[in-house]
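Scroll down for the structure; my scribbles are underneath it.
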Amino acid sequence: MTREARVNEAFAGLTETLIGPGYDTVEFLHRLTEVCTGLSGTAGCGLVVADRRGNLRDIAYSGDRVRHLAALQIAIGEGPCLDCHRTGEPVVERDLGQAQDRWPRFVPQALALGFRSVRAVPLRLDGRTVGALNVFDVRTGVEPGQDGPDIVQPLADLAVIALLQRKHGREQTAAEEISTALVDRTAIERAKGVLAEAGGLDMDTAFEVLRSHARRSGTGVADVARSLVEGALEPVTVLAG
């Protein structure tokens, strides 16, 4: 299959999920970061969005290394996603080894995790920036995601549409939709911790177990997560597969 065919197939699949029954925002965004990683030929992708107070929060990512860097940027107040969100413009660093002056605290951590270049593109809504999509690569001298037709910004635009998807039985503002998604993400992170402890798993594997149970049961990932956290669902049931 050609790259163009893979891109078309991936976007068609994401769009079908977006408008289909049983839509789950956080699960969709996580899948979007996986698609972005695969199609862009990069090492990892992550999404951050602004909450009601304008503070950035990580909401989806292709792996725990990427989530670590997203959380780090937010904690220390520097990095590509913060610059992108602040300016509303794409941010590119083709060689993180040469960017110590730009991001003195972020760069050493990114290099230690094996990343060598980064790109951040804005999530735009009604003329304002509501978040960013980060793309990391292990190569230097390249702009992550630019080996072929650019799919990173279109995926960022699709992420905004996903965040505004109406699924709660009433009209909600953009801020309310994003807040709901962030609450769902918090429940999922807590459920991952429960599964990781109960099953001796790393966090990435715990999430895959959570997703698998949600698919088998026909239930949204966030709903399964809440059941786990609240004690209505036993970890052993989810871990049993």
Side-chain angles (χ1 to χ4, degrees), residues 10 13-14 16-38 43-49 51 56-75 109 112-115 131 133-134 136 155 159 162-163 165-170 172 176-241:
L14 287 170
E16 183 178 357
T17 301
L18 191 62
I19 63 177
Y23 171 76
D24 185 291
T25 303
V26 176
E27 163 68 7
F28 177 87
L29 293 176
H30 185 88
R31 183 180 172 198
L32 185 146
T33 64
E34 293 176 329
V35 168
C36 184
T37 301
C45 301
L47 279 163
V48 295
V49 296
D51 63 18
L56 286 181
R57 302 264 303 277
D58 60 280
I59 192 168
Y61 44 87
S62 60
D64 211 47
R65 288 192 306 163
V66 174
R67 181 174 190 267
H68 173 79
L69 286 181
L72 173 71
Q73 291 179 74
I74 293 166
Q109 294 287 333
L113 289 172
F115 298 120
L133 173 59
N134 277 225
F136 295 92
L155 284 171
L163 286 165
Q165 186 80 344
R166 308 299 180 187
K167 64 168 188 169
H168 305 291
R170 66 180 181 85
Q172 294 198 128
E176 287 174 329
E177 291 285 353
I178 292 172
S179 293
T180 298
L182 288 170
V183 169
D184 287 349
R185 164 51 70 188
T186 298
I188 289 170
E189 290 303 315
R190 291 179 63 190
K192 283 166 56 180
V194 170
L195 290 175
E197 182 176 356
L201 310 173
D202 61 47
M203 295 297 274
D204 284 342
T205 304
F207 185 54
E208 289 307 315
V209 170
L210 186 68
R211 292 173 82 187
S212 295
H213 182 85
R215 289 166 183 161
R216 289 193 306 273
S217 63
T219 309
V221 176
D223 291 332
V224 174
R226 278 188 286 272
S227 294
L228 267 172
V229 170
E230 294 168 1
L233 179 63
E234 291 296 326
V236 65
T237 302
V238 179
L239 292 165

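What you see is a predicted model; the values in this text were computed from it and never measured.
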Handout entry: Side-chain heavy atoms of N134 within contact of Q73, under 4.5 Å
Key = yes
Handout entry: Heavy-atom pair with the smallest gap, counting every atom of A225 and A187
Key = CB-O, 3.6 Å
Exercise for the section: To the nearest 0.5 Å, tell me how far L56 CG sits from I74 CD1. Expected result: 5.5 Å
Problem - Test log, rule side-chain contact (heavy atoms from CB on, under 4.5 Å), inputs V26 and V221 - result: CA-CA 8 Å; V26 176; V221 176; over 6 Å; no
Problem - R216 atom CZ, over 12 foreign heavy atoms within 6.0 Å - result: yes
Problem - Point-to-point distance, once rounded to the nearest 0.5 Å, from CZ of F207 to CD of E189 - result: 8.0 Å
Problem - Rounded distance [0.5 Å steps], NE2 in H213 versus CG in L228 - result: 7.5 Å
Exercise for the section: Examine distances only and state if a side-chain atom of S62 and a backbone atom of T33 form a donor-acceptor pair shorter than 3.5 Å. Expected result: no
Handout entry: Verdict with supporting geometry, L201 and L239, side-chain contact (heavy atoms from CB on, under 4.5 Å)
Key = CA-CA 10 Å; L201 310 173; L239 292 165; 3.8 Å; yes
Handout entry: CD/E197: more than 12 non-hydrogen atoms of other groups inside 6.0 Å
Key = no
Handout entry: Criterion side-chain contact (heavy atoms from CB on, under 4.5 Å) on L72 and L69, from CA distance to verdict
Key = CA-CA 5 Å; L72 173 71; L69 286 181; 4.2 Å; yes
Exercise for the section: Mark yes or no for whether R67, through its side chain, and Y61, through its backbone, hold a donor-acceptor pair below 3.5 Å. Expected result: no
Practice task
Output the distance between atom OG1 (T219) and atom CZ (R226), rounded to the nearest 0.5 Å.
Solution key: 11.0 Å
Problem - 4.5 Å side-chain heavy-atom contact, H68 and M203 - result: no
Practice task
Apply the side chain to side chain contact (heavy atoms under 4.5 Å, CB included) test between T25 and each candidate in I59, L18, L163; give the one that qualifies.
Solution key: L163
Exercise for the section: Mind checking the CD1-CD spacing from I188 to E27? Nearest 0.5 Å is all I need. Expected result: 8.0 Å
Exercise for the section: Output the distance between atom OG1 (T205) and atom CG (L210), rounded to the nearest 0.5 Å. Expected result: 12.5 Å
Handout entry: Heavy-atom closest pair, residues A10 and V35
Key = CB-CG1, 3.8 Å
Practice task
Determine whether R65 and F136 make a side-chain contact, defined as any pair of heavy atoms from C-beta on separated by less than 4.5 Å.
Solution key: no
Completion exercise
For A60 and R185 the tightest heavy-atom approach is CA-NH2, 3.8 Å
Handout entry: Sidechain-backbone polar pair: D204 side chain, D64 backbone, donor-acceptor under 3.5 Å
Key = yes
Exercise for the section: Search all heavy atoms of V224 against all heavy atoms of S217 and return the closest pair with its distance. Expected result: CG2-OG, 4.3 Å
Problem - Side chain proximity check, L14 to T17, heavy atoms < 4.5 angstrom - result: no
Exercise for the section: Any chance you could lay out the side-chain contact (heavy atoms from CB on, under 4.5 Å) test for T186 and R57, step after step, and finish with the verdict? Expected result: CA-CA 10 Å; T186 298; R57 302 264 303 277; 3.5 Å; yes
Completion exercise
Of all heavy-atom pairs linking A191 and V229, the shortest is N-CG2, 3.7 Å
Handout entry: Nearest atoms (heavy-atom pairs only) where A70 meets D58
Key = CB-CB, 4.0 Å
Exercise for the section: In plain terms, say whether E34 and R31 are close enough for a salt bridge, that is, a side-chain N and a carboxylate O under 4.0 Å apart. Expected result: no
